[in-house]
Amino acid sequence: MSANIIGTPLPRIDGPKKVSGHAHYTADRHFPGMLVGVPVCATIGRGHVKGIDSAAASAMPGVRAIYTHENFGTLHRLPDDSKLRIDERRPPLQDNEVRYYGQYVALVLAETFEQASAAASAVNVAYAPATADVSPIRAPDEPPEPDTERGDPDAAFAQAPVQVDEWYGTPPETHNPIELHASVANWQDGALTLYETTQAIVNHRAVVATMLGVPLAQVRVVTQYLGGGFGGKLWPWHHSLLAAQAGRLAGRPVKLVISRQMMFRNVGHRAETRQRVRLGAQPDGRLVSLRHDYLWHIARGEENEENCGEATGYLYSTPHLRVAGGASARDVGPNTSMRGPGAVPGLFALESAMDELAVRLKMDPVALRLANEPGHDEMEDVPFSSRHLRECLHLGAEKFGWARRNPLIGSMRDGDTILGWGMAAASWMAKRRPAEVKVLLTDDGGVTVQCATQDIGTGTYTVLAQMAARATGVDVSRVKVEIGDTALPPGPWSGGSMATASLIPAVEAAARDAVRQLLKRAAAAGESPFAGTAPALLAFTNGAVTRGDGGGAVPFGDLLRRIGAGTIVGNGDSPASSEDAHAKDVSIHSYGCHFVEVAWQPAIARLAVRRVVTVIDAGTILNPKTGRNQIEGAVHMGVGMALFEETYYDRRNGAPVNANLADYVLVTHADAPQVDVTFLPYPDKALNEYGARGIGEIGLAGVAPAITAAVYHATGIRVRDLPVKLEDLLVAQENT
Ligand code: MOS
């Protein structure tokens, strides 16, 4: 079994703990004497706090402390050149300025959550409000520098026989993992253990230590389980610093779980985007010019990028291209990464424009993509490590039955229901972050793999067990996985779909180191059956030490007991792919495509996505069960992006109006299409020895434009501003 453990659909090894309630999430942590923190949130969108009257709140039952910018002590701003990551760089409760609606302006600590909540609503804050700018985003006065450029795209566009020039928009989207953000701070003798909801414990630890002004060694961050993140939990947010600092000041453990409403204000969102795409093409469909200009909003004073042009430079072949983006500052909370940041909204624009071009050319949209398939990465002028988009398109079309598509608008019916068929291509980066791993061989015959990375619900426990089983030849049932604690060797963040690819070479290296030490001990120890044999003449196969000819196999656990060696600790590390000779001079990306059927019932104004066929080229899939689960989840998220999700900011003050799960519409089971996922079987050895690239985000890229293409095919209405609203379809219906 072990030899083939990579590629086995192993059920999640942490599944039984999760379904039986034995998996402890951050908010489940309790400590004796623990206080509960509830923040007080600003009710203006911009201005200053004039005064805070907390006398009545302080006198309420169970209240132990109320902190404001006047008594919270000093927190440090990260140096501007710091490589550490935080999206809201200004530390909390350090001044009286309000920059966005809902910003924390005070913190109440009480014995219970109910007492703290009651007291927080009794804190009286007086404001000097200023006018908040939450207007729709506009182009900056200075045109932004291009991200990438080749040829003369404007001249080529002007001369192109067929042109598309359209604007596309995506709304602010709010991350809504079911698990609320939470921090539990426990100080003991000047050292902090911080239980967190984070996708990146190593960064979190360093940021908190720096901002609190304590040595790194005095801070430990623990995230054993995470109930979803989607980028919203990548970098620390202010509640974490509030809990840590309040625990230090109060001298008691502090728990702070933010509310769903705060999730919409204080912990990031995907920025609104406005994007203009200009395509110039020959009558045969070949692109001659591609321009992609995009805008996104940022919080005033912050600088988080929404890199919509991420995939534009290399996805299609074109001699002339320009990609440029600029930010538009608004009085809203900081934006952050959301699943497939940049590329996902960017591909909505690019792939929508490609569909419009296909319509203009009277060309099949699949054929249009095939006609523009590049032979190498024309942006970086390097070869692709492994690109099979062509095969994705052919296979997806075949599985979907695309050949039966009648391109005439509204021509495909199922009774009174109009069917629309659309498709789009997808791409996402593939990189490695540095990683250090320990592989332990224990004298009970078990293997333990350790790393300060975390499982955000995607299956990292399970694939790490598979890696360690593969690297040692020991059955996966004998592997223990220890992650989620910064006391372990530093590992990668769970973001950018990079964790799995980053861990593979480090696990392999740690296992090699452990085996090397084992064979040395086997050769040297007097009690060993291999005593006196040169280590080079020994081998390690399927968990047993043998002579080079394969004879005399002794399972390593037996051997370790026989020689009294206890545990062998192997250390492994691997650099970022940008530092790796195999990876840095090739273009490494994942590819895919989605084929979508929508059902439009004009009589009752009902629009649904019925089925999706997705083909993904992401290299080796370590675990097809957890892998398919990732892609299916991402496709559903894409249905939400196309049809439902939008955060509405009150234009007067920037308050998110629909800041709850009733009014912020997420995709539900009732909206779920039938999803058919296929993975292409091409290992990408440029990135690691198993050829795995990562699959967390690629499944979302391209879903929304495939859906709006299908909506166009059904209705003749081109929706360029997400989400698709029934009003868009009804108004147009009345007009025809
Ligand atoms: Mo992902 S947005 O990198 O968690």
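Numbering of ligands and ligand atoms starts at 1, following listing order.
- At least one cation-pi condition fails for Arg720 and Trp167: the charged atom is not both under 6.0 angstrom from the six-membered ring centre and inside a 45 degree cone around its axis.
- Residue-level proximity to ligand 1 for Ile456 is absent, since no heavy atom of it falls below 4.0 angstrom.
- Counting only heavy atoms of the protein, atom 1 (Mo) of ligand 1 lies nearest to Glu697 OE2, 3.0 Å.
- Proximity of a side-chain donor or acceptor of Asn335 to a complementary backbone N or O of Asn304 within less than 3.5 Å is detected.
- Under 4.0 angstrom from ligand 1, the non-hydrogen atoms of Met338 all belong to its backbone.
- Judged by distance alone, with hydrogens and angles left aside, the side-chain atoms of Arg89 form a donor-acceptor pair with the main-chain N or O of Pro79 at under 3.5 Å.
- The main-chain N or O of Thr458 is found under 3.5 Å from a side-chain atom of Asp455 such that the two form a donor-acceptor pair.
- Ligand 1 has a nitrogen or oxygen under 3.5 angstrom from a nitrogen or oxygen of Gly231.
- Listed by number with element, the atoms of ligand 1 under 4.0 Å from a non-hydrogen atom of Gly496 are 1 (Mo), 3 (O).
- Polar contact check, Pro341 against ligand 1: no nitrogen or oxygen pair lies under 3.5 Å apart.
- Taking distance alone, with nitrogen or oxygen atoms compared against 3.5 Å, Ser497 stays at or beyond that limit from ligand 1.
- The aromatic rings of Tyr104 and His238 are tilted relative to each other, their planes meeting at an angle between 30° and 60°.
- When each atom of ligand 1 is checked for a heavy atom of Gln199 under 4.0 Å away, the hits are 4 (O).
- When each of Arg270, Lys233, His175, His269 is checked for a side-chain contact (heavy atoms from CB on, under 4.5 Å) with Thr336, only His175 meets the rule.
- For Arg339, no nitrogen or oxygen atom sits less than 3.5 Å from a nitrogen or oxygen atom of ligand 1, counting backbone and side chain alike.
- Only one option out of Val449, Ile483, Thr453 pairs with Leu503 in a side-chain contact (heavy atoms from CB on, under 4.5 Å); it is Thr453.
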